[in-house]
Amino acid sequence: MRPATADEAPYIEQLIESLRGEQLSRVTYVYPEFWTWTTEYEADQIDEVDMDVVLHFVAGGHLKISWAMAGLIEGLELSRDDFPLKNLPYLDVSSSPNWARFMGNELKEARVLWHPANEGVPDSIWWMGFTFSSGVSFSVVLGELRDGIADYQPDSLLVIFDELRDFEFRKRMSQYWP
């Protein structure tokens, strides 16, 4: 696993363009075998995910969003490659209150934000936002919940479903990255 870096921006732009118009059919969270989903991984319209968020589309494709580290580079890895979910422990969260409103919706826009994870390494993606045709949106970010509050953490993912909380998180993080 390797985070996407700024030198791969043209590939990321193509990947994002390939998502436009896709209809979301299912969402799964991939996690380690020893892990069990509990309500402690949920806050008000925020889910904490240990490994991967996988968006499945009606046409059969998917997007896997993972946290990844390569040396001092910390960021999101994005993949549309096939991988066997059947060999990994996962949780289908499609019918959860946070995700149900997205099912069947067409992806209108996806975008990413880059950050300098550490000095001397290429910028990498730390935030990815999605907006759907019905107007609903969510983001996947490097982070974890600390006492119910979203905070940056390079080896965990948060899915933020509330636009105001997402905006506040991005604003708080912008004090560290331009």
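This one's a predicted model, so the numbers in the text were calculated from it and none came from an experiment.
- One hydrophobic cluster holds both L15 and V141 under the rule that ILVMFWY side chains link at heavy-atom gaps under 4.5 Å.
- Side chains of M173 and D151 form a contact here, defined as non-hydrogen atoms less than 4.5 Å apart.
- In this structure, K171 NZ and L164 CG are separated by 10.0 Å, a value rounded to the nearest 0.5 Å.
- In this structure, E144 pairs ionically with R146, as a charged nitrogen and a carboxylate oxygen lie closer than 4.0 Å.
- Side chains of N105 and F130 form no contact here, defined as non-hydrogen atoms less than 4.5 Å apart.
- The side chain to side chain contact (heavy atoms under 4.5 Å, CB included) test with V27 is passed by exactly one of L55, N98, D92, V54: L55.
- To the nearest 0.5 Å, atoms CG (D7) and OG (S124) are separated by 11.0 Å.
- Going from atom OG of S79 over to atom CD1 of I65 covers 10.5 Å, rounded to the nearest 0.5 Å.
- Annotation: F132 is in aromatic contact with F102 [ring centroid separation under 6.0 Å].
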Verdict with supporting geometry, I16 and V112, side chain to side chain contact (heavy atoms under 4.5 Å, CB included): CA-CA 9 Å; I16 287 172; V112 298; 4.0 Å; yes
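- In this structure, the separation between CG on L142 and OG on S156 is 9.0 Å, given to the nearest 0.5 Å.
- Of the possible polar contacts, one joining the R80 side chain to the H62 backbone as a donor-acceptor pair under 3.5 Å is found.
- Side-chain atoms of E106 never come within 3.5 Å of backbone atoms of Q23 as a donor-acceptor pair (strictly under, hydrogens ignored).
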For residues 68-76, tabulate all N or O donor-acceptor pairs below 3.5 Å that involve a side-chain atom, not counting sequence neighbours.
| residue | atom | partner | partner atom | Å |
| --- | --- | --- | --- | --- |
| E74 | OE1 | Y152 | OH | 3.1 |

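- In this structure, the side chain of S25 engages the main chain of H56 through a donor-acceptor pair within 3.5 Å.
- Under a 3.5 Å cut-off, the side chain of R111 and the backbone N or O of T131 do not form any donor-acceptor pair.
- In summary, E17 and R20 engage in a salt bridge, as defined by a charged side-chain N under 4.0 Å from a carboxylate O.
- Taking both residues in full, the closest heavy atoms of Y29 and V159 are given as OH-CG2, 3.9 Å, listed atom of the first, atom of the second, then distance.
- A continuous path of ILVMFWY side-chain contacts below 4.5 Å connects I12 to M128, so both sit in one hydrophobic cluster.
- Under the 4.5 Å side-chain heavy-atom criterion for ILVMFWY residues, no single connected hydrophobic cluster contains both M51 and L157.
- Considering only heavy atoms from C-beta on, L145 comes within 4.5 Å of I46 through its side chain.
- Atom NZ of K108 is separated from atom OG of S133 by 8.5 Å, given to the nearest 0.5 angstrom.
- Taking E8 as the reference, R2 meet the salt bridge (Lys or Arg N to Asp or Glu O under 4.0 Å) condition, with sequence neighbours excluded.
- The two residues E163 and G135 come nearest to each other via the heavy atoms OE2-O, 4.2 Å.
- A chain of hydrophobic side-chain contacts below 4.5 Å, direct or via other Ile, Leu, Val, Met, Phe, Trp or Tyr residues, connects L78 to Y11.
- A distance below 6.0 Å separates the ring centres of F169 and W126.
- Separation of atoms OG (S139) and CG (L158) is listed at 8.5 Å; rounding is to 0.5 Å.
- Of the options V53, L91, D52, a side chain to side chain contact (heavy atoms under 4.5 Å, CB included) to V30 is made by D52 and by none of the others.
- Under a hydrophobic-cluster definition in which Ile, Leu, Val, Met, Phe, Trp and Tyr are linked whenever side-chain heavy atoms come within less than 4.5 Å, directly or via other members, L63 and V58 are assigned to different clusters.
- No donor-acceptor pair under 3.5 Å is formed between the side chain of W67 and the backbone N or O of P3.
- Residues satisfying the ring pair (Phe, Tyr, Trp, His ring centres under 6.0 Å) test with F161, not counting sequence neighbours, are W99.
- Counting heavy atoms from C-beta outward, I125 and L113 have side chains that stay 4.5 Å or more apart.
- A donor atom on one side chain and an acceptor atom on the other are found under 3.5 Å apart for D155 and Q153.
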